[in-house]
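First comes the structure, then the notes that go with it.
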Amino acid sequence: MARLLRRLQRCFRRKPVRFFTFFLLYLMAGSLVFLHAVFTSDNSTQPNIAWNVARGSAGGVGKGTHGTTGQAGVSWTKDSTVHERGSDHTKSWNPDLKARTIKESADGRAKYIGCYADDIQKRTLKGASFFDYRKMTVFRCQDNCAERGYLYAGLEFGAECYCGHKIQASNASKSDCNMECSGERGTVCGGTNRLSIYRLELAQESVRRYGSATFKGCFRRPKDVTLALPVSAVIMNMSVDKCVDLCTEKELSLAVLGGQRCFCGYPTSHFTLHELEEEELCKHHCEGDDFESCGTEEYFVVYQTQVQDKRCMDRRFLPERSKQLLALASFPGAGNTWARHLIELATGYYTGSYYFDGSLYNKGFRGEKDHWRSGRTICSKTHESGRREIEAFDAAILVIRNPYKALIAEFNRKYGGHIGFASRAHWKGREWPEFVKSYAPWWASHTLDWLRYGKKVHVVHFEELKKDLFVQLKSMVVSLGMQVSEDRLLCVEGQKDGNFKRSGLRKLEYDPYTPKMRATINDFIKTVDHALRQRKLSGVPEEYRPR
């Protein structure tokens, strides 16, 4: 036995044998760790795979590309013979779940209205949809639909979210909506071919959609309808789809329904879409669809098609180099890129930048590569707040935004890019408190410095620009010394979002600001408000003034 042990010892002293032995032990250790992770992981992981496989056999494929949403290796089928089988999907169901979750939302964002049947051939909610088989929550679905302006949000199969303006199905039994949300234990997200539907309380600035078209509202018939809307046709069995399709085919951006007649055109001074009427005045059912309103001969229902209004899309450099340097100044996260987009469309000239950002250049901001002193751009973006940097400009537009929103936007940009989001680890780690500590004072000092050292400063509040874009943007164009084109401004209203708007899919589901942070930021808001009023300017908007 001792001789055998000595032989083994000499064998292990050889390098190849020793390396192979350690490598084998490493693989064994890795396998054990993997097996441990599988058996001890969150119980919600295993049902996700089962849900995807079961959902495939239940025929739960949504529109378009949704058929590819499942886990890798899982094929989606449309076998209608097992369309109603749902008993295998709720084995981990908590019996206390229904009593806790089928209730009205307490925060005023949405109201639960019931459980409804759904059909893959004819969806109950016909708007946008998205799936998340690991992290779906009621809030995410509501937020996603509200961001896009839909009136209803519906959750199905524990992981699917559908949006729409009309509920085109009958009520189902409350007990049919019995599946737990994949990303939130203790909450209901519909069932097999069943939707838990919420009615959303939309923000004022939200837009509503019908399929690919954007709902603009109810408007009184223009005085000269032929001049305002040059294309028209009588459509039998009128529906929103038919009118939108007609105007899209004619390559016009407005689809206008007036009873049996469909009108197409652009927003002009003859039909500005600024004088909105009560929707009740347009409530007249379409002949081709009882769930839709087609307006009347006197009050028109207006939709914006996917056709791009090209009247404001041409942009170029200034024909002659400007002798004045104009700044578009803002604190980071205050909407500078969006303001540049609006200015370029409204004036037809490129904006420049004190910096260089390749991603902005690639998205069409061609003035990004020019030196800020080149004089070829209408104005130049800057976040600078030092006296020397400010005094280098001859005039400025100063964009101010609610610091609570601006700080979150800049934090997302810093850790997630222009349209990305910071990770949960960043929000929960040390990065966020340190960021607020250093950036919140800068929000105040930036505005105070521009008010103190800037020449001919035109102040624009981000919130007011969103609420009344036509009037606010018109004043910005005038402050830049440019002639106003109302047709271009009306065109901008239809193309206002640009390429750098974040979706609502990953909005924070909690308040990241501590009471201490809020107390500090509120003091800064008061300081800025006082400075603005001292200069005979309107103070900060009411929505973020401390109370």
Side-chain angles (χ1 to χ4, degrees), residues 253 266-267 307-332 334-385 388-399 413 417-419 450 454-460 462 465 469-501:
S253 65
Y266 288 111
V307 176
Q308 191 176 65
D309 188 342
K310 297 179 180 178
R311 295 175 299 168
C312 58
M313 301 312 293
D314 60 302
R315 289 169 291 171
R316 60 192 184 279
F317 289 102
L318 293 172
E320 296 180 2
R321 293 182 184 270
S322 174
K323 295 179 181 179
Q324 283 198 320
L325 293 176
L326 307 179
L328 179 63
S330 74
F331 174 78
N336 200 303
T337 302
W338 181 54
R340 289 179 67 183
H341 165 75
L342 297 177
I343 289 171
E344 290 194 359
L345 296 188
T347 64
Y349 294 112
Y350 289 121
T351 58
S353 179
Y354 193 81
Y355 322 97
F356 171 71
D357 189 326
S359 64
L360 293 178
Y361 179 82
N362 293 334
K363 286 291 186 180
F365 289 95
R366 299 304 180 193
E368 191 75 12
K369 276 190 174 180
D370 267 42
H371 190 276
W372 64 280
R373 287 185 179 274
S374 72
R376 296 207 306 160
T377 56
I378 188 67
C379 62
S380 291
K381 159 190 173 178
T382 179
H383 298 312
E384 300 301 308
S385 55
R388 196 174 84 178
E389 289 81 0
I390 292 173
E391 290 181 343
F393 291 95
D394 299 299
I397 294 174
L398 175 62
V399 181
R413 187 210 62 79
H418 281 286
I419 57 174
W450 276 94
K455 309 166 191 173
K456 300 178 183 177
V457 177
H458 177 74
V459 175
V460 175
F462 177 88
L465 182 59
L469 187 142
F470 187 90
V471 171
Q472 294 293 325
L473 185 56
K474 185 176 181 179
S475 70
M476 292 166 69
V477 172
V478 171
S479 73
L480 292 170
M482 301 297 296
Q483 188 173 357
V484 175
S485 165
E486 289 205 358
D487 276 356
R488 287 193 77 101
L489 290 179
L490 290 168
C491 171
V492 175
E493 288 187 310
Q495 322 284 335
K496 63 183 179 182
D497 284 346
N499 295 319
F500 290 93
K501 187 179 190 308

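We number each residue from 1, following the sequence as shown.
Closest approach of Leu325 and Ala392 over heavy atoms only: CD1-O, 3.7 Å. Residues Asn336 and Ala329 approach most closely at ND2-C, 4.0 Å, considering heavy atoms. Nearest heavy-atom pair across Gly364 and Glu344 is O-OE1, 4.4 Å. Between Gly375 and Leu318, the shortest heavy-atom contact is O-CD1, 3.5 Å. Minimum interatomic distance between Trp450 and Ala396 (heavy atoms only, all atoms of both residues): CZ3-CB, 3.6 Å.
Using a distance-only test at 3.5 Å, with no hydrogens or angles considered, no donor-acceptor pair links the side chain of Arg366 to the main chain of Arg316. Panel note: side chain Lys455, backbone Glu391; a donor-acceptor pair is recorded below 3.5 Å.
Side-chain contact check for Phe365 versus Thr337: some heavy-atom pair is nearer than 4.5 Å. Residues Glu384 and Tyr355 meet the side-chain proximity criterion, which asks for heavy atoms closer than 4.5 Å. Leu473 is listed as a side-chain neighbour of Met476, based on a closest heavy-atom distance under 4.5 Å. In this structure, the side chains of Lys496 and Leu469 come closer than 4.5 Å at one or more pairs of heavy atoms. The shortest distance between side-chain heavy atoms of Pro267 and Asp309 falls below 4.5 Å. By the 4.5 Å heavy-atom criterion applied to side chains, Lys381 and Thr351 are not counted as neighbours.
The distance from atom SG of Cys312 to atom CG of Leu489, rounded to the nearest 0.5 Å, is 9.0 Å. Note that CD of Gln308 and OG of Ser253 are 10.0 Å apart. Values are rounded to the nearest 0.5 Å. With values rounded to the nearest 0.5 angstrom, Leu345 atom CG is found 12.0 Å from Arg311 atom CZ. For the atom pair CD (Glu493) and CZ (Arg488), the distance works out to 14.0 Å, reported to the nearest 0.5 Å. The structure places CE of Met482 at 11.0 Å from CD1 of Ile343, a figure rounded to the nearest 0.5 Å. Put simply, OG1 on Thr377 and OH on Tyr350 are 12.0 Å apart, with the number rounded to the nearest 0.5 Å.
A centroid separation of less than 6.0 Å is found between the aromatic rings of Phe393 and Trp372.
Annotation: Lys310, atom NZ; neighbour count of heavy atoms from other residues, nucleotides and ligands within 6.0 Å does not exceed 12.
Side-chain contact of Arg315 with Tyr349: a donor-acceptor pair under 3.5 Å is absent, judged by distance alone. A donor and an acceptor atom, one from each side chain of Asp357 and Ser359, are located under 3.5 Å apart.
Under the 4.0 Å criterion applied to side-chain N and carboxylate O atoms, Arg340 and Glu368 are assigned as salt-bridge partners.
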Exercise for review: Determine, stepwise, if the pair Phe317 / Asp370 fulfils side chain to side chain contact (heavy atoms under 4.5 Å, CB included).
Suggested key: CA-CA 10 Å; Phe317 289 102; Asp370 267 42; 4.0 Å; yes
Exercise for review: Assess whether side chain to side chain contact (heavy atoms under 4.5 Å, CB included) is satisfied between Cys379 and Leu480, documenting all intermediate values.
Suggested key: CA-CA 8 Å; Cys379 62; Leu480 292 170; 4.1 Å; yes
Review point. Side chain to side chain contact (heavy atoms under 4.5 Å, CB included) between His383 and Phe331: does it pass, once the steps are laid out?
Key: CA-CA 6 Å; His383 298 312; Phe331 174 78; 6.0 Å; no
